[in-house]
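This report refers to the structure that appears directly beneath it.
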Protein chains: 2
Amino acid sequence: MHTPTRKTAEPTVRRLSLYLRYLEAFEQAGRGTISSGELAQSGGTTSAQVRKDLSFFGSFGKRGLGYSTHELTVHIREILGLDRQWRLVIIGAGKIGSAVAGHRGFRDRGFEIVGIFDADPHRVGHALGGVTVSDVRHLETEVKRLRADMAVLAMPAESAPEVATRLAKAGVHAILDFSTAQLEVPSDVTVRSVNLALELEVLSFALVNR
Amino acid sequence: MHTPTRKTAEPTVRRLSLYLRYLEAFEQAGRGTISSGELAQSGGTTSAQVRKDLSFFGSFGKRGLGYSTHELTVHIREILGLDRQWRLVIIGAGKIGSAVAGHRGFRDRGFEIVGIFDADPHRVGHALGGVTVSDVRHLETEVKRLRADMAVLAMPAESAPEVATRLAKAGVHAILDFSTAQLEVPSDVTVRSVNLALELEVLSFALVNR
DNA sequence: TCCTGTGAAATTCTTCACAGCC
DNA sequence: GGCTGTGAAGAATTTCACAGGA
């Protein structure tokens, strides 16, 4: 595997994540090799797309044969940085925060929830998925002590920007934001937004435009 | 407003949804007009992008002045199909289903949750956000009776494809899927996937590639 | 003067098509 | 014969830059 010469396209990274999921299923099913065509079918894309995506990071396949499911799994996990454990904190112990905290499968995929924070005193001290909820006032010291790598923001949009800034200062360089806020963070912090209302609105558009 | 001549780009639709949110804030704040530059800043894009996006649907602005916040709000709501009420069902009353069901703000934006379904007899009969959980065995008849337009799938990946097919047959043409399944639906059904593990993996990639 | 609307250019992403290796 | 790896072509999307109306 070689590191890409220039920046990698985001769509490619998203697809790698999908390929990985299907590869794991194929490996589980005892398939030793898989072709770009099969992988494409699983992921709803084309074989050329699969090969282009992979070739960006190296030559993992064998001509005439395909890819070794196991080797390719290992390669993609390495490319995505999943060959290590990531330490996650969740800010907001409401409905969404609880759902994320209780989601099995994150830990299995290398994302360990090491801390949960909330501003509501009624929630502080209670346990969620084996982790005790801390007061968000102690965010910085706790985040440093816990050596958190990533944060999930599951809180109202009003307080999200302030918390994002504090997280960035505390050394968290990756944030998954469920609020609808527009976060202002230093350029060395990556933010991804999941906006459910937006997704419903895209569906609404699709329904009225057919 | 004129209907677009050819198919609209998905990125454009996503941005329209964002613009709408900022417009509402501006309108609330009493701003009568707004320029493409201001809107761009809110949405993290460029003024040219904003103008291109809007011009695809008509000429809503006034040269030298900008856009009327109120008029543009109305136009975008109409473009996105938000000038009506959408009827939503949730399949799966677990953590994610409950979080979606309990989310205030969907109703305010025109998405009314009219039904919740689950396969677990222990959950059937209980109320979630004012709606009683029904047995998923009665999905088809209930969905038709409730005249549901959209469905949120918040269930294990194993059962998702079957439920998606049943929903499509029952007349639901828009599905928001939280499972990691690859859904096979007729071409007149729009599916959008929200995959939290994938989002974390994209963050992971960003962390190891800087 | 300010700011929109929009062709044209630039860039990004996907698909094609085929040489090369198993 | 089958399937990968990859330049080249094509399509989609964004940015530029400027004419034109308020």
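Lettering of chains follows the sequences in order, A, B, ..., and the numbering in each one begins at 1. Atom set for the values below is all heavy atoms of this structure, side chains included, hydrogens, waters and symmetry mates excluded. Small disclaimer: the values here were computed from a predicted structure and weren't measured.
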Would you say B:R15 places a side-chain N or O within less than 4.0 Å of OP1 or OP2 belonging to D:dT13?
no

OP1 or OP2 of C:dG5 under 4.0 Å from side-chain N/O of B:Y67:
yes

Got a sec, which residues hit side chain to side chain contact (heavy atoms under 4.5 Å, CB included) with [X], two or more places apart in sequence or on another chain?
| X | answer |
| --- | --- |
| B:A25 | none |
| B:A154 | B:I96 |
| B:E27 | B:T69, B:H70, B:T73 |
| B:V114 | B:R87, B:V89, B:E112, B:L146 |

Look at atom CZ of B:R137 and say whether more than 12 heavy atoms of other residues, nucleotides or ligands are closer to it than 6.0 Å.
no

Please report the distance, rounded to the nearest Å, between [atom1] in [X] and [atom2] in [N].
| X | N | atom1 | atom2 | result |
| --- | --- | --- | --- | --- |
| A:F60 | C:dC22 | CZ | P | 17 Å |
| A:R14 | C:dT12 | CZ | P | 19 Å |
| B:F57 | C:dT4 | CZ | P | 18 Å |
| A:E10 | D:dT13 | CD | C1' | 15 Å |

Could you list the residues that satisfy ring-ring contact (aromatic ring centres under 6.0 Å, His included) with A:H173, not counting sequence neighbours?
none

Set out, line by line, the N/O atom pairs under 3.5 Å between protein and nucleotides 20-22 of chain D.
from	atom 1	to	atom 2	distance (Å)
D:dG20	N3	B:R63	NH1	3.3
D:dG21	N2	B:R63	O	3.4
D:dG21	N2	B:G64	N	3.1
D:dA22	O4'	B:R63	O	2.9

With sequence neighbours excluded, tell me which residues meet salt bridge (Lys or Arg N to Asp or Glu O under 4.0 Å) with B:D177.
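Here no residue qualifies.
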
Just grab all the side chain to side chain donor-acceptor pair (under 3.5 Å) pairs involving residues 182-204 of chain B, residues at least two apart or on different chains.
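Found A:R14-B:E199, A:S17-B:E201, A:Y22-B:Q182, A:W86-B:S204, A:R109-B:E201, A:R192-B:E199, A:E199-B:R192, A:R210-B:T190, B:E10-B:R192.
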
Any pair counted as side chain to side chain donor-acceptor pair (under 3.5 Å), so long as it reaches residues 150-162 of chain A, sequence neighbours left out:
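Listed by first then second residue: A:E162-A:R166.
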
Axis deviation across the helix from C:dT1-D:dA22 to C:dC22-D:dG1, five-pair ends, to the nearest 10°
10°

N/O-N/O pairs, protein side and nucleotides 15-18 of chain D side, under 3.5 Å:
from	atom 1	to	atom 2	distance (Å)
D:dA17	N6	B:R51	NH2	3.4

Using heavy atoms and a sub-4.0 Å distance, could you list which residues of residues 29-41 of chain A are near DNA chain D? By number, please.
A:S35, A:S36

List the steps and the verdict of salt bridge (Lys or Arg N to Asp or Glu O under 4.0 Å) for B:E24 and B:R21.
CA-CA 5 Å; B:E24 285 165 351; B:R21 200 151 276 98; 5.5 Å; no

